[in-house]
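Presented below is the structure to which this report refers.
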Amino acid sequence: MSFKNKYLTGGLLAVMSFGGQTASAAEALPNNFFIDRIVNSITSNPVESALSHDLLKDFTVNYNNTLSTALHRSSGDHGTRLYSTTGTETYNDFSLSIARQYDNFRSMSAMISGTLSASDYRYDDRGFVPERINLKFENGAAHTPFKAEAGDTFADFSIRTVQTSVKGAQIEFQPQSKNQKEFSSIQLFTGTAKTDWSKGNPKQDYYTGASYLVEMPDVGLFSINWVNNIKEQLSTTTTESKTQNVYSIAGEKEFTIPVANLEVIRDIMPDQNIIAEGELSYFTGDHSETGVDGTDKEQNGKGYFFQLSGTNASPFSWRTRYERYSKDFAPAGAGIATGTQNIELHGAWRHESGLQTRIRRLLYTTNVDNSNPTFSKTWGVNFSGPFNTDYFPHRKITGTADFFQERSETDYKDAVSVTRVADINLAAPMDYGWNGRAGLVIKSIVDVTTATGSSLTKEVSVGGDHALTYNNWKGTITPTYRLTQTKTNSTNTFGNNPTLSINMLNGQHSAGMVASLTKNVVDNGNNYDEYSFDANYGYNLGAHTFRFEGNALKRETKSAGSNRDLRIGVSWNYNYDKPAGSTLADKGLGVVSPATVAESDTLDVKSLAPGLSLKDTLGRLDRLNIKDGAEQPGERVFETRLIEEVPTRQRLVVQHSANTVNKTGAVIAFDNIANVAGTQRTFKQVRSALFAKYGQPSNVVEKGNFSATLATDIRNGEFVRIYEWKTPSGVIRFGIPKRLDNTVRMEVQHARSLPPTANSSWSMETVR
């Protein structure tokens with residue numbers, strides 16, 4: 001046994017002594033001396049005793065500890081191995097948070113999280129690493145109400161100025177106005193964007209910013225923002241230091257156009273509620289866009305953003321957007337693409353049946369300030385929701401059908417291509433208890449200039465879901481089969497991919513597995529076969545959860561031989577929740593009254609709260625004209641759009657049991673994860689939209705960077721994105737979870753509670 005594993009094995013015994021569990025859980029076990037001894041040693045309760053002390057009587061307390069160890073094995077070609085580090089890798093994650101609500105206006109909270117790491121996959125360094133520390137105090141009863149934070153905070157002025165995590169301090173004042181209808185806020189922050197508390201120079205990426213926001217009934221909402229960023233020269237490089245500033249003025253105004261007074265359209269369209277948004281931005285200083293200090297130093301750039309959107313009670317909605325960022329508009333903490341121009345026109349009509357038709361026209365330009373910019377022009381139409389058809393009167397068919405054409409060409413016409421895509425996904429209840437699914441994708445790329453980049457891809461998929469019962473186990477079995485053919489000028493690739501997925505529950509037990517075979521046959525003979533098997537098992541014992549994970553992958557190629565990768569992992573998680581004024585949290589999921597959860601006039605998972613009855617939740621969706629979701633065991637899936645700005649496929653999910661909603665959420669697909677820049681841009685679009693809905697997140701976990709190996713990085717725990725917001729009903733989480741089938745997608749979930757952020761396997765596995 002290596003030194004690091006001896007060290008953490010000793011730590012395991014110490015950490016496990018901090019378990020916490022009521023005696024009733026031990027009494028419920030079989031009358032077995034050996035088992036009783038183990039359970040009694042684990043559930044000896046020193047943590048519970050400490051956190052239930054009278055000093056913390058008025059505090060809400062949460063403590064979470066996860067101890068994980070995994071064995072990694074790889075053989076074959078070193079360049080294509082899944083695991084670069086083999087052997088046993090162990091780490092222990094923990095988080096502790098306390099909060100107190102003094103009255104309706106004053107509150108405080110503190111949290112710390114970190115890891116004791118002996119794993120290359122968890123952290124570069126060995127030993128104890130503090131990862132997130134946060135102190136927060138809010139006083140709304142002060143002469144000038146304020147909120148102050150220190151430690152890990154999230155700086156969020158706008159997507160054009162700054163949206164990034166920093167380690168530092170942030171304070172917000174809300175000066176009082178004589179006019180009670182007016183609201184103003186002053187926000188200041190400073191801190192470093194480095195990811196590690198224990199190493200690195202804070203000035204390698206240091207931010208300071210200020211924002212002044214005013215909201216007046218007649219004028220609307222506007223803000224003035226300033227952000228400074230400093231990157232000091234690294235002692236190990238010749239790259240010069242950089243300093244930059246970005247300034248912006250942003251505004252938003254909602255008003256009404258009395259369209260219904262026009263006799264021609266009064267019957268189909270009510271008054272239009274218009275939201276106008278805009279931001280003018282100016283950049284000055286240094287950036288790294290070309291990597292040449294002589295051209296990247298002391299530059300000036302401008303950014304423009306305008307958007308009009310119509311929301312009303314009619315079936316029609318629309319949005320138009322214009323944004324332009326010069327090649328030298330490059331704020332370090334922003335989420336935009338420099339040197340681009342974007343014009344978007346969107347219109348949507350929701351039919352009485354619940355089907356929604358959307359059309360879009362996109363004009364996207366890159367390298368706008370260069371002599372040979374690239375123009376991309378897109379037309380698209382999308383249908384989503386229930387498809388009523390006379391051919392299948394007894395089938396409730398739901399799905400999405402997306403068709404678009406994009407023409408991309410440079411100003412010199414030296415690179416011209418046309419892309420056409422048809423993407424159809426349908427679901428319907430079938431005979432013998434099956435819910436069937438079918439998909440068709442046809443993608444044609446025509447290289448007009450040289451023809452060398454032309455390709456034609458066809459993909460057909462069929463699958464289904466069926467309830468599965470065995471003894472006291474209940475779950476879902478999901479077989480899927482996918483056929484793919486891609487033709488280019490030089491190759492013809494044919495692939496088939498059968499997959500079998502099973503997810504089961506039995507009281508405290510949960511289990512899941514995915515077995516998959518991928519066979520690729522290529523004309524040039526570079527064939528490969530890939531076999532994968534992923535499985536997990538979890539056992540919940542009150543505050544304790546024990547989990548087993550196994551991942552096996554075998555890849556055989558004609559040119560490079562075969563690779564075999566194996567990972568076997570076990571983990572133990574202990575979670576302790578204590579609300580203020582008591583010693584233990586109520587773990588039950590009671591029914592929530594609709595009166596306590598505000599209903600939204602747009603689709604929002606916050607208003608579809610866990611604890612609502614299924615009837616009330618479906619009623620809220622019906623009033624939004626979202627109907628006839630695909631029924632699967634324990635859940636309904638609706639083909640509809642949560643984030644209007646993102647054109648990729650989105651599905652709303654309502655998970656329920658005993659006619660009560662357990663969780664609501666949305667699954668948002670990426671267009672193509674091989675396109676790293678596009679994947680990152682889509683992610684930032686969704687993130688920015690959620691920030692606009694819910695404000696600054698209460699918890700952020702960011703690790704790793706978007707790259708061409710994103711799927712592998714997520715599987716190995718080297719890439720994590722999680723953002724959380726507290727709600728009266730629980731927590732909303734957004735991120736990219738790890739899945740058994742290794743699909744890379746975004747998810748938004750609203751639940752009473754969710755797995756700890758240290759466990760990246762929090763996906764809604766049954767939604768495929």
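Note: hydrogens, waters and symmetry copies are ignored here, and every other heavy atom, side chains too, is used. Remember, predicted model here, so these are calculated numbers, not experimental data.
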- Message: Run the side-chain hydrogen bond (donor to acceptor under 3.5 Å, both in side chains) test on Glu149 and Asn134 for me, step by step, so that the C-alpha distance in whole Å, both residues' side-chain angles and the decisive distance to 0.1 Å come before the verdict.
- Response: CA-CA 7 Å; Glu149 283 188 83; Asn134 180 268; 3.1 Å; yes

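Aromatic ring orientation, Phe706 versus Phe683: tilted (interplanar angle from 30° to 60°). Ring pair Phe734/Tyr723 is parallel by interplanar angle, where below 30° counts as parallel and above 60° as perpendicular.
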Cut-off 3.5 Å, no hydrogens considered: what does the side-chain donor-acceptor table look like for residues 545-553, sequence neighbours left out?
residue: Thr545; atom: OG1; partner: Asn540; partner atom: ND2; Å: 3.1
residue: Arg547; atom: NE; partner: Glu549; partner atom: OE2; Å: 2.9
residue: Arg547; atom: NH2; partner: Glu549; partner atom: OE2; Å: 3.4
residue: Glu549; atom: OE1; partner: Arg567; partner atom: NH1; Å: 3.1
residue: Asn551; atom: OD1; partner: Arg567; partner atom: NH1; Å: 3.4
residue: Asn551; atom: ND2; partner: Asp534; partner atom: OD2; Å: 2.7

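Heavy atoms only, all atoms of each residue included: Ala669 and Thr648 are closest at O-OG1, 2.6 Å. Here the closest non-hydrogen pair linking Thr86 and Ser74 is CG2-N, 3.8 Å. Between Ile732 and Val748 the shortest heavy-atom distance is CG2-CG1, 4.1 Å. The two atoms that bring Ile722 and Glu724 nearest to each other are CG2-CG, 4.0 Å, heavy atoms only. The shortest heavy-atom contact between Asp465 and Gln632 is OD2-OE1, 3.6 Å. In terms of heavy-atom proximity, Ile714 sits nearest to Lys738 at O-CD, 3.6 Å.
No side-chain N or O of Ser501 forms a donor-acceptor pair with one of Asp741 less than 3.5 Å apart. Side chains of Asn497 and Ser516: a donor-acceptor N/O pair is present below 3.5 angstrom, by distance only. Asn563 and Asp565 are not linked by any side-chain donor-acceptor pair at a separation below 3.5 angstrom, with hydrogens and angles left out of the test. For the residue pair Glu747 / Ser763, a side-chain donor-acceptor distance below 3.5 Å is found, with atom types taken as modelled. Counted by atom type alone, Thr709 and Ser707 present one or more donor-acceptor pairs between their side chains at under 3.5 Å.
Between the side chain of Asn503 and the backbone N or O of Gly512 there is no donor-acceptor pair closer than 3.5 Å. Here the side chain of Gln650 pairs a donor or acceptor atom with the backbone of Val646 at under 3.5 angstrom.
Remark: His750 NE2 to Gln655 CD distance equals 13.5 Å, nearest 0.5 Å.
Proximity of the aromatic rings of Tyr574 and Phe94 is defined here by a centroid distance below 6.0 angstrom, and this criterion is not met.
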